[in-house]
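Contents: one structure, followed by commentary.
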Amino acid sequence: MTGREFLLDHLAVPGVQSLDGYRRAGGFAALTKALRSLSPAEVRAEISRSGLRGRGGSCYPSGLKVEAMAQAADPERYVVMNGEEGGPGAFKDGRLLQGSPFLILEGILLAGFAAGARHGICIIRKGAKDTRCRFQEAVGQMTEQGLVGTDILGRGFAFELRVEIGAGVFCCGEETALLESAEGRRGHPRVRPPYPVERGFQGHPTLVSNVETLANVPFIIDRGADWFRGIGLPAEPGTRVLSVSGHIRHPGVYEVPTGTPLRRVLELAGGARPGEEIVAVLPGGAVSGFLPARDFDAPVSQEGLERYGTCLSSGAVIVFSDRCCFVQVAQRLAAFFEQESCGRCTPCREGTARLREILEDISGPRRKTAGEGRRDAWREVPPPRPFALLEPLVETISRASACGLGRSAGVAITSALRLFPDEFAAHFERQECPRQVCWK
Ligand code: SF4
């Protein structure tokens, strides 16, 4: 424990999942404070001064977003909670949603008050039926107690909340794709600008916010921006809640102040499993590059990890030990992106399929089933054959794709190729898996 894990400490309070338990834990103190003694502009100023940044991957300053919403000419405004958490190793938003639904709902109300919105939509990933039912029940309880409706806490603030099912696909984590699916269309990302704060849900200004970001807002308003700025790095204050999974002794959800070395996160999660050695991590899940063991002192922060050529994104830390084959991991990541591509952009739709094929040709199973003819085809490609195709293909997909899925589809693959070139060469040239994981 670092002593600064205020979000997970809050989740550990007995009974905090219920409305009474949440109130006993100090819940709705921030909303009461905002409605009784602060103006919307003062709430916006406090969020801006706190330095809070989005936790969904963009790391965009929340204060700028809420201020842009407040300046919109259209009075019909929405706050949308992005609960479309997906992708390999991502599960910390689910823990927050289940652990303290009223905390997230209070965050939505505060964001709505600050931004001048009257409508809130909680989009919860398809498949998380229990969480969705719990949220519907929670919204009903808040309505009964005057915490949602036309005159909240008797202060004249009107806000309605509803709960919707998300599409349950990875690309709908992108905010404009999320809005498309919320409006009943296929979850294809929109061309930006205009950004959702200008034209979002049904054409109205919309603040789309990640679950963890919203969870921070009640604490900031209740305890103050100075308290929040006292935690973590000055440029990215606060904590980060991380889903830690993979080859680690205690997979789970952990919270650390920003700037904490990644090595400390691995220690909190119990370190390597018996008899194994951790070789690398994907600190931001499938959209990030591999961070090798020599760089585990890198800080948990977006800017800090970017200096190491990777990113934190939404904090899905996937751990890999010496028992895994990075060629096989790269192949599985390519298959994941091929499956999750929404198909709108040709470079992403076709390129991710080609990535998977190339990696299958390198790693063997496809070659084994397709016979030597397939392998012979590579003789047309100048040495080092398949490797020569991967990086230009990733570059093309990245440059020509409309959304973050396509732009990040090859990041982990190319970083694996750069970090473990001998493993890729051994698979293709000698048909050997140095870690003795693959079929060979
Ligand atoms: S980059 Fe891929 S996921 Fe994104 S819009 Fe294009 S096809 Fe769809």
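Order of appearance sets the numbers: ligands from 1, and atoms from 1 within every ligand. Scope of the values below: all heavy atoms of this structure, side chains included, with no hydrogens, waters or symmetry mates.
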Per-atom contacts of ligand 1 with S341, taking only distances under 4.0 Å to non-hydrogen atoms: 2 (Fe), 7 (S)
Taking every non-hydrogen atom, the tightest pair across F424 and I362: O-CG2, 3.8 Å
Shortest protein heavy-atom distance from atom 2 (Fe) of ligand 1, along with the residue and atom involved: C348 SG, 2.4 Å
Numbering as shown, the atoms of ligand 1 that approach G406 to under 4.0 Å (heavy-atom distance): 1 (S)
Identity and distance of the protein heavy atom lying nearest atom 7 (S) of ligand 1: C345 N, 3.1 Å
Side chain, backbone, both or neither: the part of C403 lying under 4.0 Å from ligand 1 by heavy atom: both
For the student: nearest non-hydrogen atoms of V241 and E255, plus distance: CG2-CG, 4.0 Å
Mutual orientation of the aromatic rings belonging to H119 and Y78 [parallel < 30°, tilted 30-60°, perpendicular > 60°]: parallel
Atom indices of ligand 1 within 4.0 angstrom of R344 heavy atoms, with elements: 7 (S)
Salt bridge present between E183 and R190 (N-O < 4.0 angstrom): yes
Nearest-neighbour protein heavy atom for atom 5 (S) of ligand 1, which is reported as residue plus atom name and distance: P189 CD, 3.4 Å
Which residue and heavy atom of the protein sit nearest atom 1 (S) of ligand 1, plus the separation: S401 CB, 3.5 Å
Cationic N near anionic O, under 4.0 Å, R192 to E174: yes
Short side-chain to backbone donor-acceptor contact, S243 and F91, under 3.5 Å: yes
Closest approach of any protein heavy atom to atom 8 (Fe) of ligand 1, naming residue and atom: C342 SG, 2.3 Å
F326/H427 aromatic ring centres below 6.0 Å: no
